[in-house]
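This report concerns only the one structure given below.
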2 protein chains.
Amino acid sequence: MNFDDKVPIYYQIENHIYHEIITGTLKPGEKLPSVRQLAVDVTANVNTVQRALSEMITAGIIESKRGRGNFVTMETAKIEQLKVQLVTAQLAQVYEQLHALNLSDTEILTSLQQYIQQRGQAK
Amino acid sequence: MNFDDKVPIYYQIENHIYHEIITGTLKPGEKLPSVRQLAVDVTANVNTVQRALSEMITAGIIESKRGRGNFVTMETAKIEQLKVQLVTAQLAQVYEQLHALNLSDTEILTSLQQYIQQRGQAK
DNA sequence: TATAGTGTAATAGTAAAATATAACACTAGG
DNA sequence: CCTAGTGTTATATTTTACTATTACACTATA
């Protein structure tokens with residue numbers, strides 16, 4: 001995995017798995033790879049993976065069944081809620097940051113528009 | 001100061017000062033508070049502040065004058081460039097994250113639009 | 001029932017960030 | 001020249017994330 005050394009690995013693993021759940025790579029009720037396999041996949045330690053999973057279990061997104069494995073919740077409402085939560089967190093962050101740089105609401109919007117346009121051309 | 005324990009303090013201090021420079025709270029050529037005073041201001045250690053400053057000095061945004069103090073660069077072009085850089089980094093992050101959540105370009109834009117609208121109503 | 005695969009937990013060790021503290025080097029002003 | 005204020009650097013210590021390793025608890029199945 002490609003880690004950003006500015007933020008904890010367990011946090012990045014958590015986010016990574018959340019993304020897989022939200023995009024449907026991991027479907028509701030589906031079994032996750034074993035913690036040992038996950039550790040290999042993301043090139044991290046079992047304990048680090050476990051820490052990430054613990055938070056997801058607490059959040060109710062993952063259900064842990066001892067001796068069987070970890071499973072994505074079947075409550076699709078929770079997954080949808082999680083998605084909204086992550087999206088909103090992202091939007092809030094950009095908004096706050098750019099606002100703190102004295103960009104107006106419209107400037108923030110148009111700058112994102114421009115960024116997307118330029119990004120499309122660059123490909 | 002209000003630190004996010006998910007990212008290094010020196011990095012947050014760096015960002016904090018960058019914001020003050022870009023918004024004009026700290027003007028070109030202006031002297032920064034002493035490192036010891038800054039440490040008190042942000043409730044961190046002198047060495048931690050120094051680490052943040054070191055990166056800013058390397059980046060050419062801050063000029064250090066031993067015995068006199070640290071000063072914001074007078075090259076306004078550099079400051080403008082820094083602003084573009086920070087804004088772009090923010091835009092890139094949201095875009096990548098939301099794109100990874102399977103939001104299309106237009107969905108990303110409209111969701112930001114909606115966020116700003118709702119935020120306005122909440123006040 | 002034995003075994004392989006699973007989650008869970010504990011221990012010890014390493015590395016990096018941050019702190020506390022002190023010392024050093026330079027500058028300006030009295 | 002001396003002193004107060006500045007940046008700079010170094011040392012030792014604490015804290016936290018991460019790793020390596022091992023052991024334990026449970027489940028399914030051959």
Side-chain angles (χ1 to χ4, degrees), chain A residues 1-18 20-21 26-75, chain B residues 1-18 20-21 26-75:
Chain A
M1 207 167 148
N2 222 11
F3 290 122
D4 173 4
D5 64 350
K6 288 289 195 309
V7 2
I9 294 179
Y10 76 88
Y11 193 74
Q12 297 182 55
I13 295 174
E14 194 177 334
N15 238 56
H16 175 67
I17 297 179
Y18 274 160
E20 290 192 325
I21 293 175
L26 285 172
K27 305 203 188 317
E30 187 174 346
K31 180 179 175 298
L32 272 66
S34 78
V35 287
R36 291 170 181 79
Q37 184 58 47
L38 276 176
V40 173
D41 292 349
V42 303
T43 56
N45 186 271
V46 174
N47 288 319
T48 309
V49 171
Q50 190 70 30
R51 175 160 183 184
L53 289 174
S54 297
E55 299 210 3
M56 296 188 273
I57 291 168
T58 303
I61 306 298
I62 299 292
E63 285 179 27
S64 162
K65 302 188 178 172
R66 194 188 190 100
R68 295 190 52 211
N70 290 305
F71 299 82
V72 178
T73 180
M74 300 223 288
E75 302 180 40
Chain B
M1 204 165 151
N2 222 11
F3 289 121
D4 174 3
D5 63 353
K6 288 289 195 309
V7 5
I9 294 178
Y10 77 88
Y11 193 73
Q12 298 182 55
I13 295 174
E14 195 178 334
N15 237 56
H16 176 67
I17 297 179
Y18 275 160
E20 291 192 324
I21 293 175
L26 286 171
K27 304 201 187 319
E30 186 173 347
K31 180 178 175 301
L32 271 66
S34 78
V35 287
R36 290 170 181 81
Q37 184 57 48
L38 276 175
V40 173
D41 291 349
V42 303
T43 55
N45 187 270
V46 174
N47 288 319
T48 307
V49 171
Q50 189 71 29
R51 173 159 185 185
L53 289 174
S54 297
E55 300 209 4
M56 296 188 272
I57 291 167
T58 303
I61 306 297
I62 298 293
E63 286 178 26
S64 161
K65 302 188 178 173
R66 195 189 190 98
R68 296 191 52 211
N70 290 306
F71 299 82
V72 178
T73 181
M74 298 222 290
E75 304 180 40

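By convention in this document, chain letters (A, B, ...) are assigned in the order of the sequence lines, proteins followed by strands, and residues within each chain are numbered from 1.
- Interatomic distance, Ser64(B) OG to Met56(B) CE, rounded to the nearest 0.5 Å: 11.0 Å.
- Map Lys31(A) and Asp5(A) each onto its nearest nucleotide of DNA chain C; the residue landing nearer the 5' end is Lys31(A).
- Rounded to whole Å, atom P of dA17(C) lies 13 Å from atom CD1 of Ile13(B).
- Rounded to an integer number of Å, the gap from Leu38(B) CG to dG5(D) C1' is 14 Å.
- Separating the CD atom in Glu20(A) from the CD1 atom in Ile17(A) is a distance of 7.0 Å, to the nearest 0.5 Å.
- Ile57(A) has its CD1 atom 9 Å from the P atom of dA9(C), to the nearest Å.
- Comparing atom distances between the Arg68(A) side chain and each of dA28(D), dC18(D), dC26(D) picks out dA28(D) as nearest.
- Rounded to an integer number of Å, the gap from CG of Leu32(B) to C1' of dG7(D) is 12 Å.
- When the nucleotides dT19(D), dA18(C), dT6(C) are ranked by their closest atom to the side chain of Ile9(A), dT19(D) comes out on top.
- One can find a donor-acceptor pair under 3.5 Å joining the base of dA20(D) and the side-chain atoms of Asn45(A).
- Rounded to whole Å, the distance from NZ on Lys6(B) to P on dT16(D) is 13 Å.
- Formation of a donor-acceptor pair under 3.5 Å by the Gln50(B) side chain with backbone atoms of Val35(B) is not found in this model.
- Taking atom CD on Gln37(B) and atom P on dG7(D), their separation rounds to 11 Å, with Å as the unit.
- Sequence order on DNA chain D of the closest nucleotides to Lys65(A) and Tyr11(A) puts Tyr11(A) first from the 5' end.
- The base of dG5(C) does not come close enough to the side chain of Arg36(A) for any donor and acceptor atom to sit less than 3.5 Å apart.
- Atom CD of Gln50(B) and atom C1' of dA10(D) are 13 Å apart (whole Å).
- Listed candidates were dA18(C), dT8(C), dG7(D). Nearest to the side chain of Ser34(B) is dG7(D).
- Here the P atom of nucleotide dA15(C) and the CZ atom of Phe3(A) are 18 Å apart, to the nearest Å.
- Of all nucleotides listed (dG7(D), dA18(C), dT9(D)), dT9(D) comes nearest to the side chain of Asn47(B).
- Considering Val49(A), Asn47(A), Val42(A) as possible partners of Asn45(A), the one that fulfils the side-chain contact (heavy atoms from CB on, under 4.5 Å) test is Asn47(A).
- Comparing atom distances between the Thr48(A) side chain and each of dC18(D), dT8(D), dA17(C) picks out dC18(D) as nearest.
- Expressed to the nearest 0.5 Å, how far CD1 of Ile13(B) lies from CZ of Phe3(B) amounts to 4.5 Å.
- Backbone-only engagement by Arg51(B) is indicated by non-hydrogen atom pairs under 4.0 Å involving sugar-phosphate atoms exclusively.
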